[in-house]
Amino acid sequence: MQEDKFFFEEPPRFRSILLFGPPGSGKGTLGKFLSSAGNHYHLSSGDIFRGLSPESPAGKVFHKYAGKGKLVPDEITIQIWHHFVGGLIATNSYFPHEQFLLLDGVPRTLKQAELIDPYIDLQQIIVLEMPNIEGLINRLKRRAMIERRLDDFDEDVLKTRMQVYQDETVKLLKHYPQEQISTFNADQTPLDVLRDVLVKLSYLLTHSRE
Ligand code: ADP
């Protein structure tokens, strides 16, 4: 009897960098740069959800919650996320042995962090900090005007979203080893933020091949 048939390959853990930052802090811009110039895979949960066909079971769940401005329940979110990453690998869009996964928007709650832990091999957490809330609100309003994002016009709604982000992120960051967290001042031009990130993390970012 061949013994090796009892050995199973461990499912790969996705080597991941988590991006945190309040709405308008420039997470998307940073993620795009690191994915295009750095050859990592930038995955935003908002993009996953918005890309679901509204007719699909997952798409129906998303529209039910997002339509009311609510978060999708944690278990379903991580299930959809995991399924989506599997699809990216199957279609040769993301190469887990060569690229880091830059996760933007997930995990968003402590429960999601716990559920996602078995699937990821955490490399680093990047936190974009916006100490100047007024500046952030002005940025978002400008973006709302250009992109016609009506929900971002209302200052009270914006302030609530910031508060929700703040509360959740404080809890989330406590879940992770503090030495894996790097905080950057996002109240600068995108290039300045990028420079700071590269100065601190260029070694990691240029050594993603296994
Ligand atoms: P916003 O920053 O306006 O919330 P996102 O693009 O991050 O926009 O997400 C859009 C919608 O997708 C959210 O309102 C929510 O319904 C859903 N969503 C995105 N990420 C998550 C997540 N990690 N957990 C639960 N729901 C999520």
Side-chain angles (χ1 to χ4, degrees), residues 16-38 40-52 62-63 65-72 77 81 100-110 112-113 123-176 180-202 204-205:
S16 306
I17 296 177
L18 309 187
L19 299 175
F20 289 117
S25 60
K27 257 181 321 169
T29 308
L30 180 67
K32 274 194 205 102
F33 178 84
L34 295 177
S35 58
S36 56
H40 301 296
Y41 199 93
H42 178 220
L43 185 55
S44 129
S45 59
D47 289 348
I48 297 181
F49 282 123
R50 279 187 292 270
L52 294 171
F62 166 63
H63 285 286
Y65 288 93
K68 293 185 211 140
K70 285 192 178 163
L71 286 182
V72 177
T77 295
W81 171 86
F100 289 146
L101 204 49
L102 305 173
L103 293 181
D104 170 351
V106 67
R108 195 140 157 173
T109 64
L110 185 55
Q112 288 183 15
Q123 304 289 312
Q124 185 70 39
I125 295 178
I126 294 177
V127 182
L128 297 182
E129 245 181 9
M130 283 292 287
N132 170 10
I133 288 285
E134 286 308 311
L136 185 54
I137 302 245
N138 287 336
R139 245 195 219 185
L140 281 169
K141 280 185 162 169
R142 258 199 317 275
R143 183 173 82 178
M145 221 129 63
I146 295 166
E147 297 179 9
R148 305 204 164 275
R149 289 164 69 142
L150 296 179
D151 53 334
D152 280 358
F153 267 126
D154 187 322
E155 199 154 324
D156 289 335
V157 174
L158 283 179
K159 282 189 174 148
T160 312
R161 279 175 63 201
M162 301 295 168
Q163 199 53 53
V164 170
Y165 165 80
Q166 212 65 41
D167 296 345
E168 284 300 335
T169 309
V170 168
K171 280 187 256 168
L172 263 172
L173 290 179
K174 283 192 189 141
H175 174 75
Y176 293 108
Q180 280 186 302
I181 302 176
S182 299
T183 302
F184 299 94
N185 174 15
D187 198 6
Q188 323 179 65
T189 69
L191 269 183
D192 286 318
V193 177
L194 176 63
R195 178 205 54 220
D196 290 356
V197 170
L198 291 179
V199 164
K200 184 111 197 247
L201 301 176
S202 64
L204 173 72
L205 291 165

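Start at 1 with the first residue, then count along the sequence.
- Here Asp104 contributes atom CG and Leu19 contributes atom CG; the two are 5.5 Å apart, rounded to the nearest 0.5 Å.
- A 4.5 Å side-chain heavy-atom check between Gln124 and Leu205 finds every atom pair outside the cut-off.
- Annotation: side chain of Lys32 is not in contact with side chain of Thr29 (no heavy-atom distance under 4.5 Å).
- Side-chain contact check for Arg139 versus Met130: some heavy-atom pair is nearer than 4.5 Å.
- Distance check: Arg50 CZ to His63 NE2 gives 10.5 Å after rounding to the nearest 0.5 Å.
- Contact between Val193 and Ala186 at its shortest, heavy atoms only, is CG2-CA, 3.9 Å.
- The shortest heavy-atom contact between Phe100 and Leu204 is CE1-O, 3.3 Å.
- Side-chain contact check for Thr77 versus Leu71: every heavy-atom pair is 4.5 Å or farther apart.
- With a 4.5 Å cut-off on side-chain heavy atoms, Leu30 and Lys27 do not count as touching.
- Smallest separation of non-hydrogen atoms from Gln180 and Gln123: NE2-O, 3.6 Å.
- With hydrogens and angles ignored, the 3.5 Å screen pairs no side-chain donor or acceptor of Thr183 with any backbone N or O of Val127.
- A pairwise comparison of heavy atoms in Phe184 and Asp196 identifies CE2-O, 3.4 Å as the closest pair.
- Rounded to the nearest 0.5 angstrom, Phe49 CZ and Ser44 OG are separated by 10.0 Å.
- Put simply, the side chain of His175 never gets that close to the backbone of Leu110: no donor and acceptor are under 3.5 Å apart.
- The two atoms that bring Gly31 and Leu102 nearest to each other are O-CD1, 3.8 Å, heavy atoms only.
- Here the closest heavy-atom approach between residue Asn132 and residue Asp187 is recorded as CB-OD2, 3.2 Å.
- Using cut-offs of 30° and 60° for the angle between ring planes, the Tyr176 and Phe20 rings count as tilted.
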Less than 3.5 Å apart, which donor and acceptor atoms pair up between the side chains of residues 164-173 and the rest of the protein, not counting sequence neighbours?
residue : atom : partner : partner atom : Å
Tyr165  : OH   : Gly21   : N            : 2.9
Asp167  : OD1  : Gln163  : NE2          : 3.2
Thr169  : OG1  : Tyr165  : O            : 2.6

Does the salt bridge (Lys or Arg N to Asp or Glu O under 4.0 Å) test come out yes or no for Asp156 and Lys159, once each step is laid out? CA-CA 5 Å; Asp156 289 335; Lys159 282 189 174 148; 5.6 Å; no
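- Distance check, rounded to the nearest 0.5 Å: CD1 of Ile17 to NE2 of His42 gives 11.0 Å.
- Put simply, the side chain of Leu136 reaches to within 4.5 Å of the side chain of Met162, judged on heavy atoms.
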